[in-house]
Every structure is written in structure tokens, then in C-alpha cells.
> 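Input: one structure, supplied below.
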Amino acid sequence: MTSMNPANHLDELGQRTLRRVRNRLMPLIVLLYFVAYLDRNNVGFAKLTMSEDIGLSASAYGLGAGIFFLGYALLEIPSNAGMYKFGARKWIARILISWGIFATAMALVNGETTFYIVRFLLGAAEAGFFPAILFFLTLWFPAAQRVTVLGIFILAQPVSNALGAPVSGLLLQMEGVMGLHGWQWLYIVEGIPAILLGLLTPVLMTDRPSHAHWLADDEREWLTRTMDAELAHKQKGQPHHFLAGLKDPRTIAYSALYFGLVCGIYGLGLWMPTIVSALGKFSTTQVGFIVAIPYTVAAIFVYFWGRRSDRTGNRVSYASISMVMAAIGLLAAGFLVQVNAILAMMALTLAAMGIYSAIAPFLAMPSTALVGAAAAAGLAMVNSLGNLGGFVAPYAVGLFNDATGDNRSGLVFLSACLAITAVATYLYARKRPEGHAKPGTPATVGEEAVAADDFDINN
């Protein structure tokens, strides 16, 4: 095999290789995250009829919706360690099957206690999935393409809501079929795909570029050498063992910042159907199609915003601006929700655009700050502690709604979380190299890539 310098072949060989990798890996990864997001957020639609059937108050729903993230956070880092022991393909398959079982088991809840228990177990089962996929992507894509690829991955969130909302609304119409409530059918129908995909993942996924026999020899060599060169560049003078990522001050800082962003993500996502249903006298099917609108617009904007972030390399500004957009949208929605339904939907659309477009440039910063195994642990910790915002925000919104009798105060709370996080992110990361990556250079590497001898990741 001919030896080559990857940098000299970036335009021709590199583009061809990365295009083939994207076409091979991204459809499956997006589908997996689509199902994950559907199963964690479909409780927002189930609530429309489930709350009355099993007797849930707004605060009880908020607690149960958010308790998912306690189980998720507690097992996030141990789950990521399991991935390195058993391999990405096998571990992701295990996660898929176990969460599919508990997602389907949501159909069995009959009161507050069982609602809390199964939601907690669902979060525990899904723990490790997001950082495992995020880390998996860093093994395959150089830094210059990092935010664009993350943006495609993150697209699964708004797309899942956009497509899942109408489907969830229609499933609620199956009330009484075979003696089950519509919300029970929602959980069953939307939980089974995770189990099926878990069985297929070990066959469809490849752990590392060196194992990619579906690449041509020159493509496989180019990608392996490119990722190894980037890793070697960043490893100079930095600790890169697993515990280093947990103790690094940057990991703690980005965890706190991600907490604020996640408050907005799940505060909006888990309450959007309820907010929309309060705008008028809509059926569950109509609510589903209306909820799809903000997420459809957000999905288009995420791709556009991610590509612009990659071209400039300025992660911090793009993440901060997105969060400001979201804060403005939520604040405006809070004051318009009881005034004008159309203007309120426009504000919610702006909020969705801002929230989802902030995720990829934000996550590119902590993933670039660390190296090797330290990056894997750091990403897991950022995701674990940050996702506690998914517990706090829905519960807080429920408490505000119960206390005031409307959705306004909850939306203002979410707006404040995002505004504070936007300012804090800009002030903390603006002078750090991981927030300002020069596109296309080794120094911008996704240093989170793991060297072949760091872990035993079996193919």
C-alpha cells in the first residue's frame, strides 16, 4: 500500500472518504438518536390524556418527566466505561434494547409512584447513549467537519419532535383499541423500534476506521492516519487518561454551562404539547401537527447554523447567539401565549431554532478541550451533570404552572436560564482555543479521539 501524507490528499481523497463515511454511518446514527429522543419526550404527548387517567397534577408530571434524568445522570459515566470494555457496537446495542423495554413498559404505569419508577428506569437504561454516539463520531470525523457532523446528529432532536408529534397525536386517537388507552398505545408503538434497532446495530455499525472494510484501502489509510495525526498533536503535554477528564476544571465548567442549555431543551420539549394545547381548542391530532411546525423550522436552521460555525471556527459566538435567540423566543412566548396564538407560535419557533442550533457548537468546545480517554470521561461527565437540567427544568415549570395557573411563568423561567447561560458561555469560552478553532488545521482536532491502545474496543 502506498504511503501518503493525509494533508496532501484532503481535497480529493479526504472529501471522498468522509463522504463515504457520512453516507454509511450518519443515517443509522441519526435514526438511533431519533428513536431515543422520541422515547424520552413522548411523555409530553401522553400527558394530554394520561394525566387525567392516572391522576397526575402538573407538578407531579414535571417531576416524573424530569426524573428520567436522575437515572440517566447516575449511570452515565459507568455506562460509558462499559462501552470501552465491550466495544461501541455491542454496548450501544445493549442500551437500545434495555431502553426499548422500559419505554414500552411506560404503558403499564397506573399512578404517580409507577410513573416515577419507570421513568427513572428508562433514564438509567438510556444512560451513556448520547456520549457514546458523540464519542463514536469523534473517532471518524476530523475537527474541521466536527460541528457540521454534530449538527446532522443533533438534527435528530427537532426532526424527532417534528415527525413524532403528529404520530403521537394520532396514536392518542387509538383510545379503547384492544381495551388500552391511546397513551398506552403511544408508548408501545414508539418503544418497540428501539429493541429492533438494538438487534441490528452490531451488524450495521463499525467501531473504528481501521476496521472499516467497506472503505477502499487508500480511504481507510487516509482516515486512520488523519485521526492518529490529530490525536498525536493534541496529546503533547496533556494528560489523557480516563480520570483526568473527570478532574479537569474545564469539565466542571462546561457541565455547569450545559446544565443551563439543557434546562431550555427539555423545559420546552416536555411542555410544548401542553403549551400548544392551551392556545386554542385543538384535538390531540391537531396539537401534534402544530407542535411539528417549530421543530421543522428548527431542523432546517440547525443544519445552516452548524455549517456556518464550521466555516468560521467560532464555536463560542455561535452557541451564545443561539441561546440568546432562544431566550428571546421563550420570553416573548410567555407574554404572547394568552394574547395571540400565531405570534406565540412564532416566538416558540424562534426559541426552538435557538435551542437546537446551540447544541452542536457548544458540544464542540468541551470535546476539543480534552484528549484521548480523558475526553471520553469528560464528555460523559458534561452530559451527565448537564442533563440534570432535564430534571430541574420540567419540574420547575410544573411547579410554576401549578402555582400560577398558566404557562407564562414557566416560560419566563426557561428564558432566564438560557440568557444567563448565554452570557456565562461567552465570558468563559471566548478566549479559550477550544471555543475558537481554525478550520482545517490539526490544532482544531477532535482530540477526544481514542488511540488504538487506550481501550480494548473489540470489533
> To the nearest 0.5 angstrom, please state how far the CG atom of L330 sits from the CG atom of L418.
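Those atoms lie 6.0 Å apart.
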> I'd like to know if the side chain of S415 and the backbone of L411 have a donor-acceptor N/O pair within less than 3.5 Å.
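Such a contact is absent between S415 side chain and L411 backbone.
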> Enumerate the salt bridge (Lys or Arg N to Asp or Glu O under 4.0 Å) contacts for residues 122-134, please, sequence neighbours excluded, ordered by first and then second residue.
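Of all non-adjacent pairs touching residues 122-134, those that pass salt bridge (Lys or Arg N to Asp or Glu O under 4.0 Å) are R40-E126.
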> Is any side-chain heavy atom of M106 closer than 4.5 Å to a side-chain heavy atom of R119?
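Result yes, sub-4.5 Å side-chain heavy-atom pair found.
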> Residues two or more places apart in sequence or in another chain: which of them pass side-chain contact (heavy atoms from CB on, under 4.5 Å) with M345?
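Scan of M345 (side-chain contact (heavy atoms from CB on, under 4.5 Å), adjacent residues dropped) gives V276, L279, I290, P294, L348.
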> Which atom names give the shortest non-hydrogen contact between L139 and P209, and what distance separates them?
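That closest heavy-atom pairing would be O-CG, 3.3 Å.
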> Closest heavy-atom contact between A327 and A419?
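What the structure gives for the nearest pair is CB-N, 3.8 Å.
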> Work out which heavy atom in A319 is nearest to a heavy atom in M365; give both atom names and the distance.
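So the two residues come closest at CB-CE, 4.2 Å.
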> Output, in order, the C-alpha distance, side-chain angles, deciding distance and verdict of side chain to side chain contact (heavy atoms under 4.5 Å, CB included) for L223 and L18.
CA-CA 8 Å; L223 186 58; L18 293 174; 4.2 Å; yes
> Looking just at side-chain N and O atoms, do R94 and S98 make a donor-acceptor pair shorter than 3.5 Å?
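R94 vs S98: donor-acceptor pair found between side chains.
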> I would like to know whether N314 and V316 meet side chain to side chain contact (heavy atoms under 4.5 Å, CB included); could you show each step before the answer?
CA-CA 6 Å; N314 190 345; V316 62; 3.3 Å; yes
> Can you run down the salt bridge (Lys or Arg N to Asp or Glu O under 4.0 Å) pairs that involve residues 189-203, sequence neighbours left out, and say none if there aren't any?
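Residue pairs with at least one partner in residues 189-203: there are none.
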> Is a donor on one side and an acceptor on the other found under 3.5 Å between the side chain of T224 and the backbone of E221?
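A pair under 3.5 Å: no.
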> Looking only at heavy atoms, which two atoms of W222 and G14 are closest? And how far apart?
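So the two residues come closest at CZ2-CA, 3.4 Å.
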> Once the angle between the rings of Y187 and W183 is folded into 0 to 90°, is it parallel (under 30°), tilted (30 to 60°) or perpendicular (over 60°)?
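Perpendicular: the ring planes of Y187 and W183 meet at over 60°.
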> How would you list all residue pairs meeting side chain to side chain donor-acceptor pair (under 3.5 Å) that involve residues 290-302, not counting sequence neighbours?
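Residue pairs with at least one partner in residues 290-302: there are none.
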> Go through the structure and list residues passing side-chain contact (heavy atoms from CB on, under 4.5 Å) with L170, not counting sequence neighbours.
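Applying side-chain contact (heavy atoms from CB on, under 4.5 Å) to L170 gives T285.
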> For A292 and A165, work out which heavy atoms get closest and say how close.
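Looking at all heavy atoms of both residues, the shortest contact is N-CB, 4.2 Å.
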> Report the C-alpha separation of F68 and V43 in whole Å, then their side-chain angles, then the decisive distance to 0.1 Å, and conclude whether the side chain to side chain contact (heavy atoms under 4.5 Å, CB included) test is met.
CA-CA 11 Å; F68 168 98; V43 67; over 6 Å; no
> Does R24 form a side chain to side chain contact (heavy atoms under 4.5 Å, CB included) with W140? I'd like the steps, not just the answer.
CA-CA 11 Å; R24 170 79 180 211; W140 290 87; over 6 Å; no
> Give the ring-plane orientation class for Y72 versus F69, where under 30° counts as parallel, over 60° as perpendicular and anything between as tilted.
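It falls in the perpendicular class, over 60°.
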> T425 side chain to S320 main-chain N or O, any donor-acceptor pair under 3.5 Å?
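Looks like no, no N/O pair under 3.5 Å.
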> Is any side-chain heavy atom of L385 less than 4.5 Å from a side-chain heavy atom of Y258?
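Side-chain contact under 4.5 Å: no.
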> Do F45 and L171 have side chains that approach each other closer than 4.5 Å (heavy atoms only, starting at C-beta)?
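When only atoms from C-beta onward are counted, L171 and F45 do not touch, as no gap falls below 4.5 Å.
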> Are side-chain heavy atoms of L257 and M323 found at a separation under 4.5 Å?
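No, too far: nothing below the 4.5 Å cut-off.
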> Going by heavy atoms in the side chains, are F120 and L74 under 4.5 Å from each other?
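With C-beta onward as the side chain, the pair touches.
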> For M346, does the CE atom have more than 12 heavy-atom neighbours from other residues, nucleotides or ligands under 6.0 Å away?
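No, CE of M346 has 12 or fewer neighbouring heavy atoms, counting only those of other groups under 6.0 Å.
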> Tell me if the aromatic rings of Y254 and Y428 count as close, with their centers under 6.0 Å from one another.
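Centroid separation for Y254 and Y428: below 6.0 Å.
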> Hey, is CZ on F413 packed in by over 12 heavy atoms from elsewhere, all under 6.0 Å?
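Atom CZ in F413 is packed in, count exceeds 12.
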> Is the shortest heavy-atom distance from the side chain of L215 to the side chain of V21 under 4.5 Å?
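Sidechains of V21 and L215: in contact.
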> Between W99 and D39, which heavy-atom pair has the shortest distance, and what is it?
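The answer is NE1-OD2, 2.9 Å.
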> Quick one: side-chain contact (heavy atoms from CB on, under 4.5 Å) partners of I188, sequence neighbours excluded?
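I188: side-chain contact (heavy atoms from CB on, under 4.5 Å) contacts with T104, A107, L180, I192.
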> What do the steps show when you test R225 against D228 for salt bridge (Lys or Arg N to Asp or Glu O under 4.0 Å), and what is the final call?
CA-CA 5 Å; R225 289 191 175 205; D228 286 350; over 6 Å; no
